[in-house]
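Sequential numbering from 1 along the given sequence is applied to the chain's residues. Quantities reported herein were computed from a predicted structural model and do not represent experimental measurements. Side chains included, hydrogens not; waters and symmetry mates left out as well; all remaining heavy atoms used.
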Amino acid sequence: MRLNDEQQMLQDSVARLMADKGPVSRLRELRDSRDEKGYDQPLWQAMVEAGLTGILVPEEHGGIAFGLVGAGLVAQEIGRNLSVTPFLSTAVLGATALSTGATAEQQSQWLPAIAEGTALVALAVDEGAKHRPDNLSTRYEGGKISGDKLLVLDGHVADLLLVAATDGQDIALYLVDPKASGVTIERTIMADSRNAARIHFDNVDAEPMADGAAALRAALRAGRAVLAAELAGLSREVFERTLGYLKERKQFGRLIGTFQALQHRAAQLMIDVTMTEALALQALDACDNNADNADAQVFAAKGKAARTALLAGQEGVQMHGGIGMTDEFDIGFFLKRARAGGETLGDANFCADRFATLGGY
């Protein structure tokens, strides 16, 4: 698909914002300072002021309702700069779930807060090392939730938890106050220096949605599509940085970019990156238009993006040689994010299985 004028303007403005206020150097600062919240608060405030936190919030609740293509364009620039924000957890997963399946009262309470940047939301689904949203042991019974969740993005700073649980028949999302009695939250930090809490629920009061099952499906689909766009942006940035290095680094008296073996590898990476960008945009557009094959396109895009980002990170580190292995050089941060982002909401194998069967979440 081709971007229209409004979408292109959005991408250009977000690119300037992220490069100015959310570059890779900010990730390094947050990591080294062991920041208590673990995300870039000045950048998040700038995103609030630009309306980006409400990009998927309906206009009647104070958002701009720009659609998933718009959210994906924001995510691309986040990926290119490794910007650390709660955009995925709150503005995408949280806003989509609430917009899709929450009651009118729940929407009125939380959607304006998301758009205004006064509330952070965390989606609690995974219970093991791998993403298996249709195989959960967390139980909802008698208005209470009990169970354990892992890898809850931004869980330790959330003002609202959306918890996936089974009532014995269906899996759905339920609203939980993170400060409620029976909730125990342990902050963890992933390899890419981002937040992913462990949370234990011991007979905790939970509020059902109007349609929690639909909310979960919509949130996971949107999250995977936007993650595909983020990983595509990451891959493009790594490719461009690596290509620039090949054009300036000399070995044996020659630019290493003149070595045919490296040229072939760079060409293959460019093909993969371009294909990933196209698949991600196509999947986002399919979701916005509620296409019959939207789920299949999202699984294809997320699976391809996970593989491309990992390849880009590995090739980037290797082609930079010894310096690529050092912490002082930024390229390693991209590889770490590629690994973590590729696993989030389903790795390449998970997506390939769902693409083949279109079964489960």
Side-chain angles (χ1 to χ4, degrees), residues 7 10-11 13-24 26-27 30 35 37-57 62-99 110-123 151-160 162 190 192-197 218-234 237 280 284 287 302 305 309 337-338 340-341 344-345:
Q7 291 166 339
L10 172 67
Q11 185 176 44
S13 65
V14 174
R16 291 191 296 269
L17 175 65
M18 296 302 164
D20 179 41
K21 297 187 178 295
V24 184
R26 285 291 295 140
L27 168 62
L30 290 166
D35 184 84
K37 291 187 178 296
Y39 69 90
D40 193 335
Q41 296 174 72
L43 172 60
W44 185 241
Q45 184 57 42
M47 293 177 71
V48 172
E49 294 169 1
L52 301 179
T53 53
I55 198 163
L56 294 179
V57 174
I64 61 175
F66 211 90
L68 278 172
V69 170
L73 295 175
V74 175
Q76 276 190 351
E77 300 307 321
I78 288 175
R80 291 195 69 136
N81 293 277
L82 299 184
S83 306
V84 189
T85 78
F87 181 75
L88 177 63
S89 59
T90 297
V92 177
L93 295 171
T96 299
L98 291 165
S99 297
W110 291 106
L111 289 175
I114 290 175
E116 294 164 2
T118 57
L120 299 181
V121 182
L123 180 69
L151 302 171
V152 182
L153 302 180
D154 299 310
H156 84 291
V157 293
D159 301 291
L160 173 67
L162 301 178
M190 296 190 292
D192 61 350
S193 302
R194 284 165 170 76
N195 300 317
L220 291 177
R221 184 169 80 170
R224 290 172 186 135
V226 170
L227 261 173
E230 180 189 335
L231 293 171
L234 178 155
E237 180 68 18
L284 292 161
C287 291
K302 176 59 168 62
R337 178 57 188 157
T344 303
L345 303 184

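Applying the side chain to side chain donor-acceptor pair (under 3.5 Å) test to residues at least two apart or on different chains, the pairs with a partner in residues 66-80 are Gln11-Gln76, Arg80-Glu237, Arg80-Glu240. Residue pairs meeting the salt bridge (Lys or Arg N to Asp or Glu O under 4.0 Å) criterion with at least one partner in residues 84-95, sequence neighbours excluded, are absent.
For Asp20, there are no side chain to side chain contact (heavy atoms under 4.5 Å, CB included) partners, not counting sequence neighbours. Partners of Asp40 under the salt bridge (charged side-chain N to carboxylate O under 4.0 Å, His left out) rule, at least two apart in sequence or in another chain, are Arg26. Remark: Arg194 pairs with no residue by the side chain to side chain donor-acceptor pair (under 3.5 Å) rule, at least two apart or across chains.
When all heavy atoms of Ala46 and Leu17 are compared, the pair lying nearest together is CB-CD1, 3.9 Å. Of all non-hydrogen atoms in Ala229 and Leu284, the two that sit nearest each other are CB-CD1, 4.0 Å. Between Trp44 and Gly117 the shortest heavy-atom distance is NE1-O, 4.3 Å. Here the shortest heavy-atom pairing between Ala309 and Ala338 reads O-CB, 3.4 Å. Closest approach of Gly22 to Leu43, counting heavy atoms only: CA-CD2, 3.8 Å. Closest non-hydrogen pair, Ala222 versus Leu68, comes out as CB-CD2, 3.8 Å.
A donor-acceptor contact shorter than 3.5 Å is absent between the side chain of Asn195 and the backbone of Gly155. No donor-acceptor pair closer than 3.5 Å links the side chain of Arg337 to the backbone N or O of Gly79.
By the 4.5 Å heavy-atom criterion applied to side chains, Phe66 and Val74 are not counted as neighbours. Proximity of Tyr39 to Val84: side-chain heavy atoms (C-beta onward) are separated by under 4.5 Å at one or more points. Contact of the Met47 side chain with the Ile55 side chain is not registered, since no non-hydrogen atoms from C-beta on lie closer than 4.5 Å. The shortest side-chain heavy-atom distance between Leu27 and Asn81 does not fall under the 4.5 Å cut-off. The side-chain heavy atoms of Arg221 and Lys302, taken from C-beta on, include no pair separated by under 4.5 Å.
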message: Does Thr344 form a side chain to side chain contact (heavy atoms under 4.5 Å, CB included) with Leu151? I'd like the steps, not just the answer.
response: CA-CA 9 Å; Thr344 303; Leu151 302 171; over 6 Å; no

query: Run the side chain to side chain contact (heavy atoms under 4.5 Å, CB included) check on Asp35 and Gln41 step by step: do they pass?
result: CA-CA 10 Å; Asp35 184 84; Gln41 296 174 72; 4.3 Å; yes

message: Could you walk me through whether Gln45 and Val48 satisfy the side chain to side chain contact (heavy atoms under 4.5 Å, CB included) test, starting with their C-alpha distance in whole Å, then the side-chain angles of each, then the deciding distance to 0.1 Å, before giving a yes or no?
response: CA-CA 5 Å; Gln45 184 57 42; Val48 172; 4.3 Å; yes

May I have the list of side-chain donor-acceptor pairs in residues 87-99 shorter than 3.5 Å, sequence neighbours left out?
from  : atom 1 : to     : atom 2 : distance (Å)
Ser89 : OG     : Pro86  : O      : 3.1
Ser89 : OG     : Asp154 : OD2    : 2.7
Thr90 : OG1    : Val121 : N      : 3.0
Thr90 : OG1    : Val121 : O      : 3.3
Thr96 : OG1    : Val92  : O      : 2.6
Ser99 : OG     : Ala95  : O      : 2.7

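Distance CG/Asp159 to OG1/Thr118: 8.0 Å, rounded to 0.5 Å. Separating the CG atom in Leu345 from the CG atom in Leu123 is a distance of 7.5 Å, to the nearest 0.5 Å.
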